[in-house]
**Q** 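Once you've had a glance at the structure underneath, I'll fire off some questions.
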Amino acid sequence: MERLVLSLVLALLLSSAASREISSKLCSSEFKDEKYHLNSSGLHLTLYHPRSPCSPAPLPDLTFSTILTHDDSRVASLEARISKKASSRPTSLELQPELASSPLTPGTSVGVGNYVTRIGLGTPATSYVMVVDTGSSLTWLQCSPCVVSCHAQAGPVFNPKTSNSYRQVSCTASECSALESATLNPSACSTSNVCIYQASYGDSSFSVGYLSRDTLTFAGSSVPNFIYGCGQDNEGLFGRSAGLIGLARNKLSFLYQLAPSLGNSFAYCLPSTSSSGYLSIGSYNPGQYSYTPMVSSSLDDSLYFLQFSSISVNGRPIGVASSAYNTPTIIDSGTVISRLPSDVYDALSTAVSDAMKGTPKASAYSILDTCFKGSSSKLRAPAVSLTFQGGATLKLPTDNVFIDVDSSTTCLAFAPSSRVAILGNTQQQTFSVLYDVGKSRIGFAAGGCR
């Protein structure tokens, strides 16, 4: 039935769509030595904050309350996913043909919090701006002729006809069979025996298209036969990126495909809006990091889990039993605000508020309820440390503890959750974070970027 529906959709809609280019904002030359390079120590890509003026594909202007709403949607989708409900989400293959040309309500949980980088694809290679996501497995990008829909992106849409190394993946290929574990959606098959992927997200964002293989290129070096999705129907708020790089634990992910040649580990530093960071795949300096085990979880074997052991404020552990930290904890590059078990959050909020006595309080803002008047740069904030199993500790600077929600209000950048804990990207910013999948450990090092 899915095959018939998709065939009808493709037959009813236009056979091509014009690519739309968005010019990049001007940015200081200090941050323009971006791009990528591949050498004996691995692959190195430049990362940009999604709301940075230096980003090659900045997000449209959004109020901070809107960003928090989208962040809550991402958390809800992660909660549904580990509850094994994600596979019931509708995808564009389930749309009625007469509705397929009408865009869905834009989804936003993927594009609002995730950082962006560039990759080179095709022969000859062209550079594309991509969202980086540790919570997704399949890498995909928009492809001409955009049979159903493409969102506006920075630069031209990838045209498979211009790449000498482009190939489509057949329905009988093992990569096609592996799609369901990578996307939580079953694959489909076109009338010409081409494998069709469906990557859907918790807010109704999705990409549907043809599973393909092509050559990744980095500064003269190349990785042939990379498997990815060539999107013909891409709807949701993915910013102005061309697509998404999936770094989750799955054999179709970006990491796992590059691991045989580069090594089974990656590290990143998520920068502030005023600078740039990096994503590296390959070797690293082991003495640079303090480590915590990468925890295995039956909830979702593609996500990255770790275990909190304690949180302290001004050197004193907050007042909760050690069992309060037993909630499964995901480390995620795309969630903005960290989520803590309710008891742990309440204790942290109380400890921070007690340490901030004398600082005028402000009203709650969206999901953030521990707020103060002023900006984080002017606060005398307490020292907050997050400690994980094995002793690895994040000693958070003020900007990783508080987040400015407007020009006169700053709030504690944590929120309560009853179902899952998440170490979000506000707390990770400027730290070098290592995911050593081969040795099942996560490492932290301060001062990775600005």
Side-chain angles (χ1 to χ4, degrees), residues 51 63-69 71-72 75 113 270 272-274 290 306-327 329 331 335-388 391-431 444 446-447 450:
R51 298 188 300 282
T63 65
F64 196 72
S65 62
T66 301
I67 291 170
L68 292 178
T69 298
D71 198 52
D72 224 22
V75 171
L270 306 178
S272 66
T273 57
S274 61
S290 58
L306 41 63
Q307 183 66 57
F308 272 111
S309 62
S310 67
I311 297 176
S312 64
V313 175
N314 285 339
R316 295 184 177 183
I318 59 175
V320 294
S322 59
S323 59
Y325 295 104
N326 288 342
T327 300
T329 302
I331 178 170
T335 299
V336 178
I337 302 298
S338 288
R339 283 1 186 236
L340 297 173
S342 295
D343 290 351
V344 176
Y345 172 76
D346 289 344
L348 174 63
S349 173
T350 298
V352 168
S353 296
D354 288 346
M356 297 281 289
K357 281 182 178 178
T359 303
K361 288 194 172 183
S363 300
Y365 187 98
S366 182
I367 62 172
L368 306 178
D369 64 10
T370 306
C371 300
F372 301 88
K373 293 181 180 179
S375 64
S376 60
S377 62
K378 297 179 180 179
L379 287 180
R380 297 186 63 181
V384 175
S385 295
L386 311 179
T387 301
F388 303 92
T393 299
L394 288 178
K395 296 180 179 180
L396 302 179
T398 299
D399 286 344
N400 298 62
V401 177
F402 292 95
I403 192 163
D404 292 340
V405 299
D406 57 37
S407 60
S408 61
T409 306
T410 191
C411 297
L412 182 65
F414 295 82
S417 173
S418 59
R419 298 173 62 187
V420 64
I422 301 173
L423 180 62
N425 62 36
T426 298
Q427 281 64 48
Q428 296 178 58
Q429 272 183 24
T430 74
F431 286 89
F444 299 104
R450 291 190 285 136

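As the structure is a computational prediction, the values presented were derived from the model and not from experiment.
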**Q** Check whether any side-chain N or O of Ser376 sits under 3.5 Å from a backbone N or O of Ile403 as a donor-acceptor pair, and report yes or no.
**A**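 Not at all, since once roles are kept as given, no pair shorter than 3.5 Å links the two residues.
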**Q** First locate atom CZ of Arg419, then atom OG1 of Thr327, and finally report the distance between them rounded to the nearest 0.5 Å.
**A**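 OG1 of Thr327 is found 12.0 Å from CZ of Arg419.
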**Q** Is there a donor-acceptor contact under 3.5 Å from the side chain of Ser417 to the main chain of Ala415?
**A**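 Not a single qualifying donor-acceptor pair exists.
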**Q** Looking at CD1 of Ile311 and OG1 of Thr393, how far apart are the two atoms once the value is rounded to the nearest 0.5 Å?
**A**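 Rounded to the nearest 0.5 Å, the CD1-OG1 separation comes to 11.0 Å.
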**Q** Where do Met356 and Arg380 come nearest, in terms of heavy atoms and distance?
**A**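 Scanning both residues, the minimum pair turns out to be SD-O, 3.7 Å.
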**Q** Using atom types as modelled and distance alone, determine if a side-chain donor or acceptor of Gln429 lies under 3.5 Å from a backbone N or O of Leu270.
**A** no
**Q** Taking 4.0 angstrom as the limit, do Asp399 and Arg450 come out as a salt bridge?
**A**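 The answer is no: the pair does not qualify as a salt bridge.
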**Q** Which word best sums up how the rings of Phe444 and Phe388 line up, parallel for under 30°, tilted for 30 to 60°, or perpendicular for over 60°?
**A**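 Parallel: the ring planes of Phe444 and Phe388 meet at under 30°.
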**Q** Evaluate side chain to side chain contact (heavy atoms under 4.5 Å, CB included) for Phe372 paired with Ser353, printing each intermediate quantity in order.
**A** CA-CA 9 Å; Phe372 301 88; Ser353 296; 4.3 Å; yes
**Q** Given 3.5 Å as the limit, does a donor-acceptor pair link the side chain of Tyr325 with the main chain of Val320, or not?
**A**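 No: the side chain of Tyr325 does not pair with the backbone of Val320.
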**Q** Show your reasoning for whether side chain to side chain contact (heavy atoms under 4.5 Å, CB included) applies to Val384 and Leu412.
**A** CA-CA 11 Å; Val384 175; Leu412 182 65; 5.7 Å; no
**Q** What's the separation between atom OG in Ser349 and atom CG in Asp354, rounded to the nearest 0.5 Å?
**A**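 Taking OG in Ser349 and CG in Asp354, the distance rounds to 9.0 Å.
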**Q** Do Asn326 and Ser323 get their side chains close enough for a donor-acceptor pair, meaning under 3.5 Å?
**A**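 No, no side-chain donor-acceptor pair sits under 3.5 Å.
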**Q** Show the nearest heavy-atom pair for residues Lys395 and Phe431, with the distance to one decimal.
**A**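 Heavy atoms of Lys395 and Phe431 come nearest at O-CZ, 3.5 Å.
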**Q** Dump the intermediate steps for side chain to side chain contact (heavy atoms under 4.5 Å, CB included) on Val352 and Phe402, then the final yes or no.
**A** CA-CA 11 Å; Val352 168; Phe402 292 95; 3.8 Å; yes
**Q** Give me the atom names and distance for the closest heavy-atom approach of Gly374 to Asp404.
**A**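 What the structure gives for the nearest pair is O-OD1, 4.5 Å.
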**Q** Is there a donor in the side chain of Thr370 and an acceptor in the side chain of Tyr345, or the other way round, less than 3.5 Å apart?
**A**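 The answer is yes; a qualifying pair exists.
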**Q** Might you point out which heavy atoms bring Pro341 and Ala324 nearest each other, and give the distance in Å?
**A**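 Closest pair (atom of Pro341, atom of Ala324, distance): CG-O, 3.6 Å.
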**Q** Do you know the tightest heavy-atom contact between Gly113 and Val336?
**A** CA-CG2, 3.9 Å
**Q** Which atom names give the shortest non-hydrogen contact between Gln427 and Ala413, and what distance separates them?
**A** NE2-O, 3.1 Å
**Q** Under the 3.5 angstrom rule, does the side chain of Asp71 hit a backbone N or O of Ile337 as a donor-acceptor pair?
**A** yes
**Q** I need the Leu340 CG to Leu386 CG distance, nearest 0.5 Å.
**A**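 Reported value, rounded in 0.5 Å steps: 8.0 Å.
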**Q** Roughly how far, to the nearest 0.5 Å, is the OH atom of Tyr365 from the OG1 atom of Thr409?
**A**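 Thr409 atom OG1 to Tyr365 atom OH measures 8.5 Å (nearest 0.5 Å).
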**Q** State, without any angle test, whether Ser375 and Thr410 hold a side-chain donor-acceptor pair at a distance under 3.5 Å.
**A** no
**Q** Quick one: are Val420 and Arg339 in side-chain contact, heavy atoms under 4.5 Å?
**A**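 The answer is no; the side chains never approach within 4.5 Å.
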**Q** Nearest 0.5 Å please: distance from the CD1 atom of Ile318 over to the CG atom of Leu348.
**A**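 Output value for this atom pair is 5.5 Å.
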